[in-house]
Amino acid sequence: MPELPEVEVVRRGLERGVVGRVIREVEVSHPRAVRRHVAGAADFRSLLVGRRIIAANRRGKYLWLALCPEPAAGEHTSTGAGDALIAHLGMSGQLLVVPSGSPDQKHLRVRFVFADEGRELRFVDQRTFGGLAIDVGGAQLPAPIAHIARDPLDPAFDEDAVIGRLRRRRTGIKRALLDQTLLSGVGNIYADEALWAARLHYARPTETMNRPEIRRLLVEVRAVMAAALDAGGTSFDRLYVSTEGVSGLFERSLEVYGRAGQPCGRCGGTIRRDAFMNRSSFTCPICQPPPRHPRW
DNA sequence: TAAAATACCTGCAGGC
DNA sequence: TGCCTGCAGGTATTTT
């Protein structure tokens with residue numbers, strides 16, 4: 001599932017594969033893929049044809065391609081300054097840069113053809129939780145994602161401010177980690193991995209945590225994300241791949257996620273799976289004992 | 001106002 | 001073989 005490291009791998013692939021190129025044609029084959037573009041698929045297409053991509057950016061798990069304010073010569077009318085093509089991969093979205101003419105993927109939703117007739121950009125999404133949209137004038141930071149907090153790998157991440165906000169919450173620590181308005185980029189996999197590394201149970205009430213404890217947790221969040229980034233991300237069932245279609249290798253390094261019934265690599269305890277927020281949490285019951293007064 | 005619950009989706013595994 | 005159920009989970013929306 002794409003979390004911050006996976007999305008960053010994709011962003012780097014887009015930087016290599018599509019930045020600097022002019023879009024010649026856009027085919028939307030599944031309207032749900034552009035449902036967040038309320039003006040519809042035809043408008044989506046008309047805003048993109050003739051535009052040059054000038055940057056590939058990321059905030060948390062959102063990506064956006066900044067578009068040149070001026071259209072390419074002889075092509076479409078400009079819509080004004082710096083629009084943005086926003087992308088979210090959801091659970092199963094892929095942005096692939098592939099040779100034009102290569103066979104369509106089963107769940108191909110949107111195809112981008114470029115004026116240079118080189119490789120195509122394809123948005124492929126099995127479960128259609130992801131999607132694309134245009135934000136007019138949003139090249140710097142699109143309005144629909146302005147509420148997303150900075151991630152722990154962002155140089156402008158304000159750790160002291162995040163610790164303060166986290167301690168004012170009245171909820172469980174994992175819920176807080178997954179709240180993208182508090183800090184972004186953390187999903188179910190890396191939340192479980194970082195909590196294991198910090199020896200914290202997911203139901204630990206945030207208001208009982210002191211500053212050094214939260215700081216130590218954020219160190220582990222950063223460490224697990226950086227290691228995953230080095231490995232090219234985590235892939236399950238090939239639902240996450242890079243823009244070149246390559247799976248990540250971090251699954252081999254997971255300590256708890258998806259390892260219910262197996263021994264903890266630190267203490268030998270048996271890793272357990274609990275239902276949590278309509279999904280799963282994996283913990284070592286010895287390294288991560290539940291708190292006396294849990295907040296789920 | 002904050003926190004929690006729910007809806008949105010498809011493919012697959014497992015049980016019967 | 002075919003049907004059914006549960007599960008995967010990020011985000012927006014609704015409810016408490």
Side-chain angles (χ1 to χ4, degrees), chain A residues 1-8 10-11 29-38 58-64 86-95 105-110 123-133 135 142-149 151 164-195 202-208 221 225 228 233-241 247-248 251 254 256-261 272-282 293-296:
Chain A
M1 319 308 166
E3 299 183 26
L4 185 150
E6 292 75 33
V7 177
E8 176 59 19
V10 171
R11 189 201 66 77
S29 50
H30 196 304
R32 191 175 150 74
V34 295
R35 67 192 180 284
R36 289 176 191 160
H37 189 79
V38 291
R58 181 182 62 77
R59 171 66 69 92
K61 301 169 198 168
Y62 280 91
L63 292 163
W64 76 94
I86 305 169
H88 196 290
L89 302 179
M91 285 176 64
S92 55
Q94 301 174 351
L95 282 165
Q105 290 74 10
K106 184 177 178 184
H107 303 290
L108 173 63
R109 311 302 189 192
V110 184
F123 179 64
V124 175
D125 192 3
Q126 177 195 99
R127 295 177 193 166
T128 65
F129 271 37
L132 309 176
D135 184 46
I145 61 179
H147 66 288
I148 302 293
D151 64 69
R165 290 183 63 200
L166 220 147
R167 293 186 68 212
R168 287 192 291 275
R169 289 292 177 96
R170 294 289 179 272
T171 188
I173 184 61
K174 184 171 175 182
R175 278 185 185 274
L177 281 181
L178 295 176
D179 183 343
Q180 304 296 302
T181 66
L182 198 56
L183 74 167
S184 69
V186 183
N188 203 39
I189 298 172
Y190 299 123
D192 279 3
E193 292 297 308
L195 287 166
Y202 59 86
R204 174 76 181 272
T206 47
E207 70 270 26
T208 68
V221 168
M225 284 183 167
T234 303
S235 301
F236 292 102
D237 304 328
R238 290 190 62 81
L239 282 181
Y240 156 73
V241 293
S247 295
E251 184 182 359
L254 295 176
V256 284
Y257 184 87
R259 296 191 63 238
R272 56 176 289 165
R273 170 189 172 276
D274 297 322
F276 173 83
M277 290 175 72
N278 288 329
R279 56 208 65 189
S280 298
S281 271
F282 296 89
H293 302 292
R295 277 191 186 273
W296 310 105

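The bend of the helix from B:dA2-C:dT16 to B:dC16-C:dG2, defined by the angle between the axes of its first five and last five pairs, stands at 50° to the nearest 10°.
Residue contacts shown for A:Ser92 are absent, as no nucleic acid heavy atom lies under 4.0 Å away. Among the protein residues, A:Arg273 comes within range of the sugar-phosphate backbone only, with heavy atoms under 4.0 Å from sugar or phosphate atoms but none that close to a base. Among the atoms of the strands shown, only primed sugar atoms or phosphate atoms (P, OP1, OP2) are found under 4.0 Å from some heavy atom of A:Tyr62. Across all strands, A:His147 comes closer than 4.0 Å only to sugar-phosphate atoms, never to a base (heavy-atom distances).
The CZ atom of A:Arg279 sits 10 Å away from the P atom of C:dT11 (whole-angstrom rounding). Nucleotide C:dT11 holds its C1' atom 15 Å from the CG atom of A:Leu63, rounded to whole Å. The distance between atom CZ of A:Arg175 and atom C1' of C:dG10, rounded to the nearest whole Å, is 14 Å. A straight line from CD1 of A:Ile86 to C1' of C:dA12 spans 14 Å, rounded to a whole angstrom. One atom, CG of A:Leu182, and another, C1' of C:dT11, lie 16 Å apart when rounded to the nearest Å. Taking atom CD on A:Gln180 and atom P on C:dT11, their separation rounds to 4 Å, with Å as the unit. One interatomic measurement links the two molecules: CD1 of A:Ile189 to C1' of C:dA8, which rounds to 10 Å at whole-angstrom precision. For the pair A:Leu178 CG and C:dA12 P, the interatomic distance rounds to 14 Å; values are reported in whole Å.
Interface limits on DNA chain B: the 5'-most and 3'-most nucleotides within less than 4.0 Å of chain A heavy atoms are B:dA3 to B:dG11.
Mapping A:Arg295 and A:Arg35 onto DNA chain B via the closest heavy atom, the residue that lands nearer the 5' end is A:Arg295. Position along DNA chain C of the nearest nucleotide to A:Ile148 versus A:Phe282 favours A:Phe282 as the more 5'-ward residue. Along DNA chain B, the nucleotide closest to A:Asn278 and the one closest to A:Arg169 are compared, and the more 5′ of them pairs with A:Arg169.
For A:His88 and C:dT11, the shortest distance from a side-chain N or O to OP1 or OP2 is below 4.0 Å.
Between the side chain of A:Gln180 and the backbone N or O of A:Val186, at least one donor-acceptor pair lies under 3.5 Å. Under a 3.5 Å cut-off, the side chain of A:Arg36 and the backbone N or O of A:Ala87 do not form any donor-acceptor pair.
Here A:Asp192 pairs with A:Lys174 in a salt bridge; the nearest charged N to carboxylate O distance falls below 4.0 Å.
A donor-acceptor pair shorter than 3.5 Å cannot be found between the side chains of A:Ser184 and A:Tyr62.
With contacts defined as side-chain heavy-atom distances shorter than 4.5 Å, the pair A:Leu89/A:Gln94 does not qualify.
Listed here is the closest heavy atom pair of A:Arg273 and A:Phe282: CB-CE2, 3.6 Å.
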